[in-house]
Amino acid sequence: MARIPQEFRFDKVSIMTSSPNLQFVVQPGGKLTGRLRVPGDKSISHRSIMLGALAEGVTEVSGFLEGEDSLNTLRCFRRMGVRIEGPDALGAGRVRIHGVGLHGLRQPDGPLWLGNSGTSMRLMSGIIAGQDFDAVMEGDDSLSRRPMRRVTEPLALMGARIDTHEGGRPPLRVHGGSKLKGIHYVMPMASAQVKSCVLLAGLYAEGETCVTEPAPTRDHTERMLRGFGYEVRRVAGEGGSSTVCLTGGGRLTATAIDVPSDISSAAFFLVGASIAEGSDLVVEHVGMNPTRTGVIDILRLMGADIEVMNERVVGGEPVADLRVRGAKLKGIEIPESLVPLAIDEFPALFIAAACAEGRTVLTGAEELRVKESDRIQVMADGLVALGVDARPTPDGMVIRGGAIHGGTVHSHGDHRIAMSFAMAGLRATGAIRIEDCENVNTSFPGFEQLAHGAGLSIVSTGEAS
Ligand code: S3P
């Protein structure tokens, strides 16, 4: 019998807070030129550790993102008994995972720390639900505010038992020893994290597990499972929906993974070069998975000049070099069908909208309110602080392009907000100070140096903790 999803009272343990003392100061003007390569894809880096750990044999990863989020995933699997070499000892971006097989994880000796990373917590919930031990997962203030019922509810339907803090928030205690059974889950929202969580639990479930998504979301889990030799079936449905299925009880076989550069990190440079007159920048080796390229489509609709060059397939993922030149952008109504395909790029796209002529309208993006920060409110507050006409709505924003003044904005510890406002400096009339930038390291170590090298007048002040 299916267990009814329950919520348990769970007393929080040792929540750490990040210190909001690292600031970026960006002097106005400049342009972006040259060639650069941004760090590895965060979504693929997380999954390479998870599937590499659960595989039989040794998985070699190159291009791994050495950011705090994916490093937290790596540390957690080490604590569950997986031998992982690198990245430091093997050279930049190289990791070697000695897989323990689907049933070889060991109970960690204490709570698993996931920092700022929602992806780690949601995907690992599915994996740990299939183990025969209990584990606690906790994270920083931002992660502790994020909704987890979206994964605990389908997992409960599969037979898992998970305690949450009030309101379905972290920390989570996943109880081991449950016998999982396959379900057909129709997701209420377009979420790759929820889809991946259920599919990963499905590896341990009896019978078939299927997830129907209302609109296409990133498919790295499905692609990588296939790369590890696991059969995953996809059936197209009506109106853009589709269903992904797998059958539990199989095995994963180690493979090599070449992680492309993260299009979500490239996005800051695509926007920066587009808004700064005279820019001509090539961003190399960018992951071009069609479930991730909405940012290019939206920028092109706004009039951006982005050339896709040297397209190739690397390790099962499409990759290209992107040449972007300064252009006159115009405001648009962003098609809702592109929202899940650009879900992490809206902070940067809001900056593009602020520099465009006319009005840009975003709707159907209420998911932005439950990211690392409430990205609708936090971006609107920052834009208004810089003199931009930005009006938040429950599911999006209306921005009228115009002048960007200097001023101080608060990133609320959200990496993508910090980097987006840094790019706004290219078009500002005065210096922009951005507070609380330490979490840029979660997804983009070296951002300041790379952006500076391309022509952004950025310095950091204060101390990272
Ligand atoms: C991710 C999925 C997206 C995205 C996040 C990474 C993933 O989240 O915002 O940064 O790796 O599966 P949702 O599934 O909540 O949309």
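Numbering of ligands and ligand atoms starts at 1, following listing order.
Under 4.0 angstrom from ligand 1, there are no non-hydrogen atoms of Lys195. Neither the backbone nor the side chain of His46 has a heavy atom within less than 4.0 Å of ligand 1.
Checking Ser196 against Arg47 by side-chain atom types alone, a donor-acceptor pair falls below 3.5 Å. With hydrogens and angles left out, the side-chain atoms of Ser43 and His220 include no donor and acceptor closer than 3.5 Å.
With Arg292, Glu367, Arg47 as candidates, the residue nearest to atom 12 (O) of ligand 1 on a non-hydrogen basis is Arg47.
Residue Ile343 has at least one heavy-atom neighbour below 4.0 Å for each of these atoms of ligand 1: 9 (O).
Of the polar atoms of Arg416, none of the N or O atoms is found under 3.5 Å from an N or O of ligand 1, judged by distance alone. For Ala192, a nitrogen or oxygen atom sits less than 3.5 Å from a nitrogen or oxygen atom of ligand 1, counting backbone and side chain alike.
Of the protein's non-hydrogen atoms, the one nearest atom 11 (O) of ligand 1 is Ser43 OG, 2.7 Å. Shortest contact from atom 10 (O) of ligand 1 to any protein heavy atom: Asp344 OD2, 2.7 Å. Of the protein's heavy atoms, Lys371 NZ, 3.2 Å lies nearest to atom 16 (O) of ligand 1.
Between Arg96 and Thr59, the closest side-chain pair of non-hydrogen atoms is not below 4.5 Å.
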query: Taking it one step at a time, do His412 and Glu435 satisfy side chain to side chain donor-acceptor pair (under 3.5 Å)?
result: CA-CA 8 Å; His412 287 264; Glu435 308 268 10; over 6 Å; no
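Aromatic pair Tyr204/His103: ring centres closer than 6.0 Å.
The side chain to side chain donor-acceptor pair (under 3.5 Å) with Arg292 is formed by just one residue from the set Asp219, Thr217, Asp262, Asp344; it is Asp262.
Judged purely by atom type and a 3.5 angstrom limit, Thr253 has no side-chain atom pairing as donor or acceptor with the backbone of Gly229.
Not a single heavy atom of His220 sits closer than 4.0 Å to an atom of ligand 1.
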